[in-house]
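See structure below.
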Amino acid sequence: MPEVVDFLLLGAGQLLTCAVTGKGPKRGADLSDAGVVTNGAVAVSKGKIFAVGTKEEVERRIEGASVAAVIEAGGRVVLPGWVDPHTHAVFTDFRSDEFEARILGDSYLEIEQRGGGINRTVRGVRESSEEQLFESSRRRCMQMLRQGTTTIEIKSGYGLDLINEMKMLRVISRLGEETPLDVVPTFMGAHQKPPELKSGDRYLRLVVDEMIPAVASEGLADFIDVFCEEGVFGIEETREILEAGRQAGFGLKLHADEITSLGGAELAVELGAVSAEHLIRVSREGVDELGRSSTVAVLLPCTSLGLASRTFAPARDLIGAGAAVALATDFNPGSAPSGSMPLAVALACSQMGMTPAEAINAATINAAFAVGRDDEAGSIEPGKRADLVIYDTGDYRDIPARAGMNLAAVVIKEGLRAWEREGFKDRSEVGT
């Protein structure tokens with residue numbers, strides 16, 4: 001037992017631990033168990049969780065220790081910090097005009113063909129200095145923190161040449177160092193083929209022969225990702241890039257079956273990828289293979305919203321097949337210009353048929369598995385980082401039900417108060 005408890009959180013009306021009961025992420029019926037503790041408490045020492053349970057249980061565990069500070073939740077909901085396992089949060093400007101164009105009937109590929117989409121953002125990133133790119137991205141990441149996100153994955157992929165991909169990855173590294181967030185870096189030079197290297201395999205060779213070795217030598221990424229899609233990178237190109245990434249020491253991720261059913265999910269399982277992401281058009285075979293695999297199915301409902309689409313990934317089919325389902329925002333300037341994990345959770349419930357408990361588990365502990373941080377984040381368990389969020393409500397189901405409202409009141413990162421909504425108790429509906 002520690003001599004000093006840095007802080008003791010008391011009075012959680014509902015404390016959702018999101019703890020796993022065995023090895024690996026939550027699946028099937030277990031996904032519905034958010035580990036709700038009534039009148040919950042958490043003791044924290046040196047940035048780590050020491051004890052979790054009811055007030056009486058935790059007080060017994062720390063008996064004799066000195067308590068430096070007490071945080072009274074006042075009957076409110078307490079959750080683990082959100083883990084966002086799929087973002088493109090480093091960019092210059094939003095492309096909100098393209099959102100309007102999609103509402104008027106233009107497709108993603110039509111917008112891309114006339115100079116919009118990813119290549120438009122690539123031009124902005126290439127024209128920006130590293131400092132400009134860092135500052136604009138830092139401000140967006142802090143907005144995500146204020147909604148309760150404490151761990152995020154960020155992909156490169158808006159540079160599409162060696163110089164600018166490395167610039168993006170340095171910015172991603174700085175965001176992890178200079179904000180309270182834990183940042184998981186992913187190299188995604190294979191996000192698109194730039195116009196100057198569109199034909200043949202010239203860009204493929206650049207990614208495999210130059211970019212991957214350079215990124216690996218600088219230690220700037222944990223994972224590698226590829227946009228496996230018709231007209232972007234085909235199955236065999238994706239396989240070659242991911243195999244080269246694995247040999248360089250990266251964990252594997254895959255943008256799979258977003259626009260067409262190309263077999264990306266099946267490839268992700270075959271290669272033992274940590275995650276297959278998007279899956280809007282995943283085949284029945286892909287669903288079944290994900291259900292039998294360790295690959296996490298990362299679903300991105302905010303992308304369907306941003307694309308003005310009524311088609312969402314088949315969450316219920318995946319859960320029924322036994323797949324490990326996680327949620328993410330896909331925060332990016334065009335197809336998903338929202339970094340709100342509560343919005344992703346709300347859409348998963350209203351549009352994909354997930355229950356609030358399933359969606360919260362998918363956005364916390366399962367999301368942590370999708371970025372290899374399950375031993376540190378995603379649940380409120382002894383030994384993990386003290387990443388906690390107090391929500392100004394007495395019922396966790398309010399978080400998705402009251403979509404569009406940021407109910408986060410206090411965000412605690414590694415035992416420190418990273419953000420608090422000023423004067424929230426004076427306006428609180430909980431009352432204490």
Side-chain angles (χ1 to χ4, degrees), residues 1-26 30-83 148-151 180 182 357 360-361 363-369 373-396 399 408-420 424-425 428 430-432:
M1 186 179 72
E3 294 182 3
V4 177
V5 171
D6 297 330
F7 81 81
L8 178 62
L9 185 148
L10 297 174
Q14 294 176 337
L15 173 69
L16 277 64
T17 66
C18 300
V20 294
T21 55
K23 292 184 178 180
K26 289 178 174 284
D30 191 37
L31 193 63
S32 297
D33 181 6
V36 180
V37 178
T38 303
N39 190 24
V42 183
V44 174
S45 179
K46 297 180 180 178
K48 299 287 184 71
I49 297 166
F50 174 71
V52 181
T54 64
K55 177 177 182 290
E56 294 75 17
E57 290 169 341
V58 171
E59 286 181 337
R60 282 198 300 270
R61 289 280 288 120
I62 63 171
E63 188 175 357
S66 172
V67 177
V70 174
I71 295 177
E72 178 56 60
R76 295 175 177 83
V77 168
V78 177
L79 264 64
W82 304 117
V83 178
T149 298
T150 53
T151 299
D182 281 295
I360 288 170
N361 277 323
T364 53
I365 185 58
N366 278 14
F369 276 97
R373 296 295 190 273
D374 50 284
D375 59 338
E376 303 173 354
S379 60
I380 303 175
E381 299 181 80
K384 288 197 172 184
R385 292 193 306 250
D387 296 351
L388 315 170
V389 185
I390 301 174
Y391 285 90
D392 192 20
T393 176
D395 189 330
Y396 72 87
I399 296 170
V410 181
V411 179
I412 297 164
K413 185 73 186 76
E414 295 188 55
L416 299 175
R417 204 175 303 221
W419 177 79
E420 181 173 328
F424 78 90
K425 289 186 178 179
S428 176
V430 179
T432 57

*Answer yes or no: is there a side-chain heavy-atom contact under 4.5 Å between Lys384 and Pro80?*
no
*Taking all non-hydrogen atoms of both residues into account, name the closest pair between Cys18 and Ile360 and its distance.*
SG-CG2, 4.0 Å
*Does the Glu57 side chain pair with the main chain of Thr54, one donor and one acceptor, at a distance under 3.5 Å?*
yes
*Please name the pair of heavy atoms, one in Lys48 and one in Gly383, separated by the smallest distance, quoted to 0.1 Å.*
CD-O, 3.6 Å
*Where the side chain of Ser45 meets the backbone of Val4, is there a donor-acceptor pair that is under 3.5 Å apart?*
yes
*Under 4.5 Å between any side-chain heavy atoms of Thr151 and Glu376, yes or no?*
no
*pair Tyr391-Val78: side-chain heavy atoms closer than 4.5 Å*: no
*Any donor-acceptor N or O pair under 3.5 Å, side chains Arg385, Thr150*: no
*Looking at CG of Asp374 and NZ of Lys23, how far apart are the two atoms once the value is rounded to the nearest 0.5 Å?*
12.5 Å
*Run the numbers on Leu31 and Asn361 for side chain to side chain contact (heavy atoms under 4.5 Å, CB included), then give the verdict.*
CA-CA 6 Å; Leu31 193 63; Asn361 277 323; 3.8 Å; yes
*asked:* If you compare all heavy atoms of Phe50 against all heavy atoms of Pro382, which two are closest, and at what distance to 0.1 Å?
replied: O-CB, 3.7 Å
*With a 4.5 Å limit on heavy-atom distance, are the side chains of Glu56 and Asn39 in contact?*
yes
*With no hydrogens and no angle check, is any side-chain donor or acceptor of Asp30 less than 3.5 Å from a backbone partner on Val20?*
no
*Apply side chain to side chain contact (heavy atoms under 4.5 Å, CB included) to Lys413 and Asp182, showing your working.*
CA-CA 9 Å; Lys413 185 73 186 76; Asp182 281 295; 2.5 Å; yes
*Out of curiosity, Ser379 OG to Leu79 CG, how far, rounded to the nearest 0.5 Å?*
11.5 Å
*With a 4.5 Å heavy-atom cut-off, do Val52 and Val37 have their side chains touching?*
no
*Close side-chain approach of Phe7 to Leu388, heavy-atom, < 4.5 Å*: yes
*Any donor-acceptor pair under 3.5 Å from Lys26 side chain to Thr21 backbone*: no
_Euclidean distance, Thr393 OG1 relative to Arg76 CZ, rounded to 0.5 Å_ = 9.5 Å
*Please tell me if the side chains of Trp82 and Val389 come closer than 4.5 Å, counting only heavy atoms from C-beta onward.*
no
_Spatial distance of atom CD1 (Ile71) from atom CD1 (Ile412) [nearest 0.5 Å]_ = 4.0 Å
*Under 3.5 Å, is there a donor-acceptor pair between the side chain of Asp387 and the main chain of Glu414?*
yes
*asked:* Can you give me the closest heavy-atom contact between Gly47 and Asp6, atom names plus distance?
replied: N-OD2, 3.9 Å
*Is Val83 close to Thr364 at the side-chain level, that is, under 4.5 Å between some pair of heavy atoms?*
no
_What's the separation between atom CD1 in Ile62 and atom CG in Leu8, rounded to the nearest 0.5 Å?_
4.5 Å
_Ignoring hydrogens, what is the shortest heavy-atom contact between Gly11 and Ala73? Give both atom names and the distance._
O-CB, 3.5 Å
*Where Ala377 and Ala368 come nearest, the two heavy atoms and their spacing*: O-CB, 3.5 Å
*In Å and rounded to the nearest 0.5 Å, what is the CD1 to OG1 distance from Ile49 to Thr17?*
9.5 Å
